[in-house]
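Worksheet for the structure shown next.
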Amino acid sequence: EEMEKKVLFMVKAVQKKKPSTILLKEEDIEFLLETEDFMNNLSTTYNYTSHLYSRLMKNLKFKKAELEMLEDLIVESEQGYNLSKASLKTISNIRNYYSIVNANKLNRTIRVLTIFTVLMSVPASIGAIYGMNVKIPLESNEFVFYYISFIIFAIMGSILYYLKKKEWY
């Protein structure tokens, strides 16, 4: 009976975590992993126990009352096995969902950082060219800063337009 209470507690805890998978914390993941380990052991035990009871029922002779009790034990152990397997499946689904959500978040972050890097490389490259101590076009023009700034913003705008058209952001 103590084991039954523990199993039911674990199953309820897993079911409670199921709807809030986006909000899982590290300790929740650790709890799920510990529960998964426990449920693996439990399902193995239930499966073995069920087979043991079945073999006993086939190989030994029992009174009718004892036989009914043995059949009840077989049914209970099969139910426990099925319950632990269902909880294992739920834990596996939660972990897979959590992995997918985290992978998508990471992909979005990398995409934003890539866009930022591309956009920042344009002014850095043009600034580097005009920062050299060599003769370059328009260096004596007093409005060259405004021309270069306009060109930089035009290039950055066209990159943003292209990325928007390709639905990158």
Side-chain angles (χ1 to χ4, degrees), residues 1-125 155-169:
E1 191 167 308
E2 184 69 32
M3 183 64 102
E4 242 179 76
K5 287 180 183 179
K6 187 171 184 177
V7 170
L8 287 176
F9 170 77
M10 294 269 195
V11 169
K12 286 179 183 178
V14 167
Q15 292 298 326
K16 192 169 27 170
K17 300 263 184 236
K18 191 175 178 181
S20 64
T21 50
I22 295 176
L23 307 173
L24 286 179
K25 297 180 182 123
E26 198 169 319
E27 53 267 9
D28 294 330
I29 299 293
E30 289 174 11
F31 171 76
L32 286 174
L33 290 174
E34 290 169 6
T35 304
E36 184 178 27
D37 187 44
F38 175 78
M39 289 293 176
N40 271 324
N41 292 334
L42 191 65
S43 67
T44 302
T45 304
Y46 273 133
N47 193 24
Y48 175 75
T49 305
S50 178
H51 287 301
L52 179 68
Y53 291 153
S54 296
R55 289 172 85 192
L56 281 174
M57 202 165 86
K58 288 178 186 174
N59 296 328
L60 298 176
K61 295 193 185 227
F62 292 98
K63 295 178 185 172
K64 186 174 183 176
E66 292 170 336
L67 197 59
E68 286 177 12
M69 194 165 62
L70 196 56
E71 287 172 350
D72 289 344
L73 287 173
I74 291 171
V75 167
E76 284 181 27
S77 54
E78 286 176 356
Q79 286 175 344
Y81 174 75
N82 291 334
L83 188 61
S84 60
K85 280 296 187 185
S87 293
L88 282 169
K89 184 73 172 164
T90 301
I91 290 171
S92 176
N93 289 342
I94 289 171
R95 268 195 329 191
N96 290 340
Y97 176 77
Y98 190 70
S99 294
I100 290 168
V101 167
N102 280 341
N104 285 339
K105 284 180 183 179
L106 180 63
N107 286 340
R108 281 193 299 270
T109 302
I110 289 173
R111 182 179 293 160
V112 167
L113 291 174
T114 302
I115 291 170
F116 180 75
T117 301
V118 167
L119 290 177
M120 293 310 296
S121 66
V122 172
S125 300
I155 292 172
M156 289 173 68
S158 54
I159 290 172
L160 283 173
Y161 175 75
Y162 174 78
L163 293 175
K164 183 78 169 174
K165 190 175 179 181
K166 292 287 184 178
E167 297 178 1
W168 258 58
Y169 78 99

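Only heavy atoms go into these numbers, but all of them, side chains included; no hydrogens, no water, no symmetry mates.
A side-chain donor-acceptor contact under 3.5 Å links S84 to the backbone of G80. Counting only distance, with no hydrogens or angles, the side chain of N47 and the backbone of S43 share no donor-acceptor pair below 3.5 Å. S54 contributes a side-chain N or O that, together with a main-chain N or O of S50, makes up a donor-acceptor pair within less than 3.5 Å.
When the shell of 6.0 Å around CD of E27 is examined, it contains more than 12 heavy atoms from other residues, nucleotides or ligands. The environment of CZ in F62 is crowded: more than 12 heavy-atom neighbours from other residues, nucleotides or ligands sit within 6.0 Å.
If you take OG on S87 and CD1 on I94, they are separated by 9.5 Å, rounding to the nearest 0.5 Å. For the atom pair I110 CD1 and T117 OG1, the distance stands at 11.0 Å (nearest 0.5 Å). Taking OG of S77 as the start and CD of Q79 as the end, the distance is 9.0 Å to the nearest 0.5 Å. Note that OH of Y53 and CD of E71 are 13.5 Å apart. Values are rounded to the nearest 0.5 Å. Here the CD-CD1 distance, from E34 to I91, works out to 11.0 Å after rounding to the nearest 0.5 Å. Distance check: I115 CD1 to I159 CD1 gives 10.5 Å after rounding to the nearest 0.5 Å.
Residues L70 and E66 are not in side-chain contact: their nearest non-hydrogen atoms beyond the backbone lie 4.5 Å or more apart. A heavy-atom distance below 4.5 Å is not found between the side chains of V112 and R108.
Considering every non-hydrogen atom in both E36 and L88, the closest pair reads O-CD2, 3.4 Å. The two atoms that bring T44 and N40 nearest to each other are OG1-O, 2.9 Å, heavy atoms only.
A side-chain contact (heavy atoms from CB on, under 4.5 Å) with R95 is found for exactly one of I100, L33, L32, namely L33.
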